[in-house]
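This report refers to the structure that appears directly beneath it.
It should be emphasised that the depicted structure is a prediction, and the values quoted were computed from it without experimental measurement.
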Amino acid sequence: MKDKIIFVLITLALFSCNSKEQVKSSSQKKIIHESTEVKKTDKTADATHYQISVYDDPQFTDRILNTRESLKKLSANNLFSNISAKITAKLNEKQNQFFKTNTNYELISFAKGNIFQKNSEDYIFIVYDVKDNRTKILFFNAATNTYAELYKDLKVKNDLEDANCNGYSFGTLDYRFAVDHLVTNEDAITINPEYFLEFIPVMITDISKDENFLLEEGCFSKKASKTNLENTICISTSSAYNNWECLKYDKTNNTFSLFYSQTFAD
């Protein structure tokens with residue numbers, strides 16, 4: 001009888017210990033799981049959101065339809081090809097050969113300078129792609145001898161979103177260029193293609209020294225440096241006013257930041 005009582009007590013003791021271990025193990029699993037969920041949420045919150053070209057965003061397909069029809073019409077009337085012939089004549093042999101090979105690109109404007117590294121002859125091209133019926137912004141990296149398309153190959157972060165800049169314009173820079181400089185001026189370009197060539201709509205410059213930029217009236221992103229403004233890429237956002245939006249290359253992650261805007265500052 002005594003042995004039986006001892007056996008029962010030992011059994012109860014072992015059951016109690018096992019139950020505590022299971023509770024402890026369950027608590028540890030819960031803590032680890034909750035910790036993992038917190039880390040996952042933080043990672044999602046910190047994720048960088050890059051712009052998608054309006055041309056590639058399905059929610060705007062119908063909204064941009066008229067613009068694309070206008071571009072197609074201008075190209076069919078050889079207006080872009082005439083502009084392209086005059087501009088490509090100003091390029092060096094290498095860049096000229098690129099456009100001879102890629103005949104679907106009709107060159108609308110370009111600028112050259114240091115973009116990806118110092119003392120290099122990089123390029124930015126604004127083209128009309130006959131095949132895709134859209135304007136595109138291309139870059140040539142002299143160091144790597146490669147061409148890349150903005151938004152597709154080279155990502156853009158819009159740091160102006162939280163800058164409280166005055167004014168709003170629909171679309172990404174590749175689309176806005178088409179609207180502001182080509183579609184809006186369709187009649188003028190049709191009558192006199194030379195009209196378009198009188199104005200330089202894209203540049204690589206130091207905006208702190210360039211008289212086209214009135215920084216005290218412009219709008220910087222909150223993260224922007226106002227002391228390192230050389231080699232800034234700026235694209236005109238109006239054919240009537242001195243309006244610009246500017247990009248800066250970040251070599252640490254091979255992306256661009258949209259960091260400066262200037263509206264009705266002439």
Side-chain angles (χ1 to χ4, degrees), residues 53-56 60-92 95-96 98-113 123-140 147 149-151 167-205 210 212-213 233-247 261-266:
S53 172
V54 165
Y55 289 111
D56 296 317
F60 298 124
T61 300
D62 293 335
R63 183 171 179 176
I64 68 174
L65 187 60
N66 289 338
T67 297
R68 300 190 78 163
E69 286 299 319
S70 294
L71 290 173
K72 188 175 183 179
K73 178 182 175 182
L74 288 169
S75 178
N77 290 335
N78 297 320
L79 295 177
F80 293 157
S81 60
N82 290 337
I83 292 172
S84 184
K86 294 180 183 297
I87 296 178
T88 52
K90 301 177 182 179
L91 298 174
N92 61 27
Q95 305 306 330
N96 207 307
F98 171 77
F99 286 98
K100 287 181 179 179
T101 303
N102 296 275
T103 55
N104 56 305
Y105 291 150
E106 295 178 330
L107 182 59
I108 305 300
S109 187
F110 81 93
K112 65 178 179 178
Y123 282 82
I124 175 174
F125 301 106
I126 299 180
V127 304
Y128 172 73
D129 189 331
V130 178
K131 182 179 178 181
D132 291 342
N133 184 27
R134 58 187 282 184
T135 42
K136 294 181 177 180
I137 300 175
L138 308 179
F139 285 90
F140 172 72
Y147 296 85
E149 183 180 333
L150 196 65
Y151 302 112
Y168 167 78
S169 295
F170 168 75
T172 44
L173 285 172
D174 52 349
Y175 175 80
R176 290 174 61 188
F177 182 90
V179 174
D180 297 332
H181 293 284
L182 303 176
V183 176
T184 300
N185 296 315
E186 180 176 352
D187 292 338
I189 296 175
T190 301
I191 296 172
N192 180 21
E194 297 290 333
Y195 164 84
F196 180 80
L197 300 173
E198 296 174 1
F199 177 66
I200 300 175
V202 59
M203 62 177 71
I204 304 168
T205 186
D210 194 313
N212 287 291
F213 298 93
I233 300 157
C234 295
I235 297 175
S236 170
T237 54
S238 172
S239 58
Y241 297 95
N242 189 26
N243 297 351
W244 301 83
E245 285 197 357
C246 299
L247 300 158
S261 175
Q262 177 172 297
T263 306
F264 300 113
D266 58 343

Smallest separation among heavy atoms of S75 and V130, with atom names: OG-CG2, 4.0 Å
State, to 0.1 Å, how close V202 and I235 come at their nearest heavy-atom pair, and which atoms those are. CG2-CG1, 4.0 Å
Where does the angle between the aromatic ring planes of [X] and [Y] fall among parallel (under 30°), tilted (30 to 60°) and perpendicular (over 60°)?
X: W244; Y: F213; result: tilted
X: F110; Y: F125; result: tilted
X: F199; Y: H181; result: parallel

Might you confirm whether atom CG of N92 has over 12 heavy atoms from other residues, nucleotides or ligands at distances under 6.0 Å? yes
Take atom CD1 in I200; do more than 12 heavy atoms of anything else shown fall under 6.0 Å from it? no
Under 3.5 Å, is there a donor-acceptor pair linking the side chains of Q262 and Y241? no
Could you tell me if Y55 and T135 have a donor-acceptor pair between their side chains, going purely by distance under 3.5 Å? yes
Counterpart residues, side-chain hydrogen bond (donor to acceptor under 3.5 Å, both in side chains), relative to [X] (two or more places apart):
X: T237; answer: none
X: D132; answer: K136
X: S239; answer: N185

Quick one: does [X]'s side chain have a donor or acceptor within less than 3.5 Å of a partner on [Y]'s backbone?
X: T88; Y: S84; value: yes
X: T190; Y: E186; value: yes
X: Y151; Y: L173; value: yes
X: N242; Y: N212; value: yes
X: N102; Y: N104; value: no
X: S261; Y: E245; value: no

With a 6.0 Å cut-off on the ring centroids, do Y175 and F170 count as close? yes
